[in-house]
Amino acid sequence: MTCIDGKKIAAEIRAELRDEVARFTRQSGKTVGLAVVLVGDDPASAVYVRNKIRACEEVGIRSFAYTLPADASQSAVEALVTELASDNAVDGILVQLPLPAHLDGERILSLIPPAKDVDGFTAENLGRLVCGERGPVACTPLGVMELLRRSGIDPDGMHAVVVGRSNIVGKPMAMLLLNANATVTVCHTHTKELAKVCAQADLLISAVGVPAFITADMVKEGAVVIDVGISRKDGKLKGDVDFDAVAPKTSCITPVPGGVGPMTIAMLLKNTLTCAMRSAK
Ligand code: NAP
């Protein structure tokens, strides 16, 4: 069994990006800029935003951080995103989710121009992914694909089972695997005999958000298991997979923390550079 070290792979990617960002700036005379919008004071979101800004600094991407109060009005958030949409110094716009419940998140995300949609959350970029066209892809599923590639795992011909069907993880994950020639099954709360379906997977990807949801009986001997889930339990970060029981059955597995999480931020940086390069052309 190999435990995939997402932290190490993400650090390698950041080092590569540092060189690529410097080369882009040298050749184009332009800096790369990412705007991050945080609404409210959710402590987990504040940590995610801080980590993203720190990662930008590490690779030479300029970050513009905007924090609005938890009771910010819909029109105030929309006005900020609209302003960033036309700001030439901003190559990518990230609105940290979840937004406070009184806000219409879909409407706010729809104001991000697809060319600056570094999270790949807009309907246009999701549509491009479905059609196999180029465009920014959601960072977490993209990070999973990169983790597989750099670990020498090719999904071509594999039976991949994705548990979770959200627009930001499960669905784009399934599309990326399909585009990579895997045979894909997507599971959710209405799936019958979920354990049996999971146990057929050569590649099992869990994005549910329930600690120890994937147990040893749900995993085929020799399967690759990728744990996207993040939950907090007793002050600790937990994945979806019952790691100690499942790991011995797998050929490869990702831990939580230190698996998919660091890859998400690395892909955000990569998407921001790609958006800057495309807008410079
Ligand atoms: P989400 O929107 O809450 O979606 C969860 C999905 O899991 C839904 O499709 C839901 O099915 C399914 N599900 C929940 N309980 C289930 C059950 N008992 N049986 C079968 N399916 C079940 O969450 P998300 O945004 O996709 O995120 C998923 C997890 O990944 C969370 O833990 C999140 O924190 C984590 N995450 C991690 C990263 C990272 O960087 N590592 C990034 C993003 C998200 P229904 O559609 O039927 O409700």
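For this chain, numbers begin at 1 and follow the sequence in order. Both ligands and their constituent atoms are indexed starting at 1 by order of listing. What's counted below: heavy atoms across the whole structure, side chains too, no hydrogens, waters or symmetry copies.
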query: Just to confirm, does any protein heavy atom lie below 4.0 Å from atom 26 (O) of ligand 1?
result: yes
For a 4.5 angstrom cut-off between non-hydrogen side-chain atoms, does [X] reach [Y]?
X: N179; Y: L129; value: yes
X: F64; Y: L84; value: no
X: V224; Y: S151; value: no
X: V161; Y: L203; value: no
X: V228; Y: D240; value: no

Does the distance from a Lys or Arg side-chain N to an Asp or Glu carboxylate O, for [X] and [Y], drop under 4.0 Å?
X: E146; Y: R149; value: yes
X: D202; Y: K220; value: yes
X: E58; Y: R54; value: no

- request: Compare M173, M267, H188, R165 and give the one whose heavy atom is closest to atom 20 (C) of ligand 1.
  value: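 Shortest heavy-atom distance from atom 20 (C) of ligand 1: H188.
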message: Quick test of your reading of the structure: of D240, I230, T189, whose heavy atom lies closest to atom 22 (C) of ligand 1?
response: T189
message: Below 4.0 Å, non-hydrogen atoms only: which portion of V208 touches ligand 1? Side chain, backbone, both or neither.
response: both
field: ligand 1 versus V210: contacting region, heavy-atom distance under 4.0 Å
entry: neither
Shortest protein heavy-atom distance from [atom], along with the residue and atom involved:
atom: atom 19 (N) of ligand 1; answer: F213 CZ, 3.4 Å
atom: atom 44 (C) of ligand 1; answer: V169 CG2, 3.9 Å
atom: atom 42 (C) of ligand 1; answer: T140 OG1, 3.0 Å
atom: atom 31 (C) of ligand 1; answer: G209 CA, 3.8 Å
atom: atom 35 (C) of ligand 1; answer: V228 O, 3.5 Å
atom: atom 39 (C) of ligand 1; answer: T264 OG1, 3.6 Å

Can you list the ligand 1 atoms lying under 4.0 Å from a non-hydrogen atom of [X]?
X: I168; result: 25 (O)
X: G261; result: 40 (O), 41 (N)
X: A207; result: 5 (C), 6 (C), 7 (O), 28 (C), 29 (C)
X: G164; result: 6 (C), 7 (O), 9 (O)

- prompt: Which heavy-atom pair separates G60 from V21 by the least distance, and what is that distance?
  reply: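 So the two residues come closest at O-CG1, 3.6 Å.
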message: Between ligand 1 and S166, is the shortest N or O to N or O distance under 3.5 Å?
response: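 Yes.
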query: Side chains of T122 and N125: do they bring a donor and an acceptor to under 3.5 Å?
result: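 Per modelled atom types, T122 and N125 side chains form a pair under 3.5 Å.
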